[in-house]
Amino acid sequence: MSEPTSLSWVALSETQAPSPSPSPGYGARSRQPQLEVEAILANAWIGIAFTRERRFFLCNPKFAEIFGWTPEELVGQPGEVVYPSRESYDSLAKIAVPLLASGGQLDLEWEMRRRDGGTVACRLIAKAINPANPSLGTVWIADEVGAQRREAETLSCLAQECDALRGALDASREEAARMAASRDELQRALAERGREFQTVRERLQAELAAALESAEGAAAKAEERIARLEAEIAARGKAAETAGADRSAELQASIERLQTQLAERIASEERAIAARTAALEMANRQLESEKNQRTQVEGRAQYLADHDPLTGLPNRRLLEDRLKQAVAYGTRNRKLAAAMFVDLDRFKHVNDTHGHALGDEMLQEIGRRLESQLREGDTVCRLGGDEFVIVLPEIKRSSDAAHVAQKILEAVAQPVTLEERDLHITCSIGISVFPDDGRDAETLIRNADAAMYHVKEIGRANYQFFTEQMNVAAMRRLALENDLRRSVQNGELRLLLQPVIDLKSGALAAHEALLRWQHPTRGLIAPSEFIQLAEDTGLILRLGEWALREACVWAKARGAEGALPVAVNLSARQFGDPKLIEVVQRALTDSALPAHLLELEISETSVMQYPDVTLPALRKLKELGVTLAIDDFGTGHSSFTYLKRFPIDKLKIDVSFIADLAQHSDNEAIVLTIVGLAHALGRKVVAEGVESEAQVEYLRGADCDFAQGYHIGQPVDGGGLGEKPV
């Protein structure tokens with residue numbers, strides 16, 4: 001093996017990135033110590049390596065050679081690569097880590113692994129560079145123990161020969177066994193601890209002397225041979241001890257010298273890195289400050305480019321962008337969008353009479369009022385002068401725009417107090433709706449503007465849709481909404497009662513209260529025409545509370561005949577109302593109706609939409625003592641698990657399954673399934689929409705409990721209900 005003449009220097013940080021290069025001034029001060037360290041490592045006859053964060057960051061050629069690597073290949077590798085297994089690596093770590101952390105020195109023999117997979121026995125010496133700062137790393141010394149083992153093997157052979165002589169001298173089996181045990185002990189001592197050779201020699205002398213005393217025949221010859229062996233063993237042991245002591249002293253001196261030089265080098269590099277880091281941080285702060293200033297300036301410039309300086313509202317440029325987004329979204333999702341052109345009526349008179357300064361204050365106040373009437377996501381823009389444009393993305397119907405317009409008319413018409421004076425002004429609004437009135441931003445704005453001028457022509461202070469057809473539909477819905485708001489106050493609502501019979505006995509079992517609207521000009525309006533409108537506008541809460549109260553009063557007023565339940569439907573909006581329990585309790589209290597005579601019906605869709613929320617609400621209602629029923633059962637997606645948990649008393653089979661019983665055998669199977677399911681859960685079943693005697697007979701045969709429908713009895717006014725058993 002040739003003498004190594006080069007050294008690989010590689011230093012790795014915790015992230016395995018190369019350490020920064022020393023500053024220019026460092027080289028002159030530190031080059032000489034570095035050359036000295038390189039020379040020591042390169043010419044050392046033992047392996048020396050440095051680790052940090054359990055990775056090699058520096059080693060000499062001898063260390064790499066022991067394990068079959070080159071220095072360049074080994075540097076950067078994890079320490080685990082030179083151990084036979086992960087268990088071996090972890091076992092040594094358990095010994096070394098606490099010892100090195102306390103400032104101690106590791107010194108032991110350990111089986112290591114070469115790169116080709118073979119193993120090599122090494123003596124390992126390790127010490128932390130600075131126990132107080134583990135991040136500086138650890139220095140490792142590695143030396144093959146093969147030579148020492150060959151020495152031990154030679155000594156072992158000599159010991160075996162001595163044992164053979166002892167056997168010849170000792171004819172006794174007991175003596176031979178004792179000497180064999182002594183021989184084994186000698187072999188182990190010689191192989192494991194070279195430093196104990198002297199003790200072994202003395203014990204061997206005693207044993208050999210004892211053997212010689214009992215020897216017969218060839219005693220003189222054996223004694224002479226043993227003496228020679230003792231001399232040879234003593235000489236070799238002394239030589240090994242001397243060599244080991246010299247080697248340990250040299251290794252210790254090398255370790256201490258390397259530790260000092262490496263610590264000085266690391267400290268110098270750390271000072272240079274700290275200085276460079278401080279300079280970079282200062283430069284970064286300056287750059288960040290300049291960046292923030294530039295961002296603020298750019299942001300302010302962008303804001304001024306997109307917003308009206310007087311009101312702070314988006315200007316025409318931003319309006320077109322928002323309207324284009326609304327059109328694009330509507331195109332992708334088939335949604336309506338609306339553009340509303342708002343112009344203040346006779347605003348020029350305000351400027352001429354009170355001055356432009358006060359007029360500007362009025363424009364600012366009007367801008368705030370317009371914003372307050374819009375949803376999140378809607379946009380109000382000022383085009384200039386007294387003109388504003390509002391963008392309403394994603395509306396359900398054109399009447400939604402009419403509803404917003406009405407709110408704006410009312411908000412703008414409120415007095416504006418400026419300089420202790422109340423000023424009054426109105427506005428005219430034109431509305432265009434995507435996609436019917438235009439499929440691009442420019443067309444929508446133009447058509448809304450045209451509709452606004454039409455409002456000006458017919459009297460101002462109003463709103464108008466761009467097309468007459470849309471205007472008529474929206475106006476009709478809005479008029480119906482206004483009429484519906486007044487219906488309770490004007491006494492236009494009616495409560496009709498439909499009988500429910502017991503199918504087994506044919507006797508009257510209950511009544512269901514049905515809401516109707518007696519419009520003063522349109523006559524009796526069916527629920528299908530106004531219930532959804534009431535839901536959309538929130539009026540259903542007022543209508544539902546009225547119906548609930550009237551049903552309880554009617555049931556209580558029947559006196560002795562009134563000992564039958566009355567059923568009232570709860571809409572989805574009512575069922576989700578936080579005040580529902582309070583409303584039901586008040587209706588029962590005010591009417592003095594026993595709670596068990598009130599039956600509340602909730603649609604299957606409403607019940608199953610959010611079952612985890614539904615369950616607590618149903619339980620609170622049940623605590624009042626009322627009867628609960630799931631209406632339109634079979635049209636939703638009820639879970640059997642939730643049906644078991646819900647405190648429901650009845651299931652009402654949807655009319656669609658009853659209507660086609662004779663034509664569709666599938667409906668018969670569905671009815672039988674629902675009845676069987678309900679009875680299995682301990683619930684009663686009511687069939688809705690019974691229109692024939694054949695249906696009655698089928699339902700009786702299916703073991704259905706109750707039925708209602710036009711064949712049983714039509715809904716009639718509560719004051720003149722005449723029930724007829726079927």
Can you confirm whether [X] sits close enough to [Y] that some side-chain heavy atom of one is under 4.5 Å from a side-chain heavy atom of the other?
X: D631; Y: I602; answer: no
X: L570; Y: L580; answer: yes
X: T379; Y: L374; answer: no
X: L409; Y: C427; answer: yes
X: L651; Y: L681; answer: no
X: V685; Y: V671; answer: no
X: F341; Y: L383; answer: yes
X: P715; Y: Y710; answer: yes

Is there a side-chain contact (heavy atoms from CB on, under 4.5 Å) between F388 and I366 once you walk through the steps? CA-CA 10 Å; F388 300 84; I366 295 301; 4.2 Å; yes
Would you compute the distance between atom [atom1] of [X] and atom [atom2] of [Y] and round it to the nearest 0.5 angstrom?
X: S372; Y: K407; atom1: OG; atom2: NZ; result: 8.5 Å
X: L699; Y: F706; atom1: CG; atom2: CZ; result: 13.0 Å
X: D308; Y: R382; atom1: CG; atom2: CZ; result: 4.5 Å
X: S591; Y: R586; atom1: OG; atom2: CZ; result: 12.0 Å
X: H403; Y: L392; atom1: NE2; atom2: CG; result: 11.5 Å
X: D449; Y: S432; atom1: CG; atom2: OG; result: 10.0 Å

Which pair of heavy atoms, one from [X] and one from [Y], lies closest together, and at what distance?
X: G438; Y: L444; value: O-CD2, 3.5 Å
X: G544; Y: Q574; value: CA-NE2, 3.2 Å
X: V342; Y: I390; value: CG2-CD1, 4.1 Å
X: V566; Y: A513; value: CG2-CB, 4.3 Å
X: A587; Y: R549; value: CB-CA, 4.2 Å
X: P314; Y: H307; value: N-CD2, 3.7 Å

Residue pairs fulfilling salt bridge (charged side-chain N to carboxylate O under 4.0 Å, His left out) with at least one residue in residues 619-629, sequence neighbours excluded: K622-D649
So which pairs with a foot in residues 587-599 pass salt bridge (charged side-chain N to carboxylate O under 4.0 Å, His left out), sequence neighbours left out? E599-K650
Check step by step if salt bridge (Lys or Arg N to Asp or Glu O under 4.0 Å) holds for R700 and E697. CA-CA 5 Å; R700 279 179 177 154; E697 292 303 321; 3.2 Å; yes
Which residues share a salt bridge (charged side-chain N to carboxylate O under 4.0 Å, His left out) with R645, sequence neighbours left out: none
Donor-acceptor pair, [X] side chain versus [Y] backbone, under 3.5 Å?
X: E688; Y: Q708; result: no
X: D378; Y: R375; result: yes
X: R516; Y: R494; result: no
X: S487; Y: L484; result: yes
X: N490; Y: E492; result: no
X: Y329; Y: K335; result: no
X: R683; Y: L643; result: yes
X: Q695; Y: E691; result: yes
X: T614; Y: V607; result: yes
X: N447; Y: D437; result: yes

We want to know whether D345 and S428 form a side-chain donor-acceptor pair, criterion being a heavy-atom distance below 3.5 angstrom. yes
So, [X] and [Y], do they make that salt bridge, N to O below 4.0 Å?
X: R368; Y: E365; answer: yes
X: E529; Y: R522; answer: yes
X: R485; Y: E481; answer: yes
X: E512; Y: K652; answer: yes

E410 atom CD, over 12 foreign heavy atoms within 6.0 Å: yes
Which is it for R369 and V416 under the side-chain contact (heavy atoms from CB on, under 4.5 Å) test, yes or no, and what are the steps along the way? CA-CA 10 Å; R369 292 186 182 185; V416 179; 3.6 Å; yes
Carefully, step by step, assess T443 and R439 under the rule side-chain contact (heavy atoms from CB on, under 4.5 Å). CA-CA 7 Å; T443 303; R439 294 180 175 270; over 6 Å; no
With respect to L319, which candidate in V380, L313, I445 satisfies the side chain to side chain contact (heavy atoms under 4.5 Å, CB included) definition? I445
Applying side-chain contact (heavy atoms from CB on, under 4.5 Å) to L548 and V584, what does each step give before you reach the verdict? CA-CA 8 Å; L548 180 62; V584 174; 3.9 Å; yes
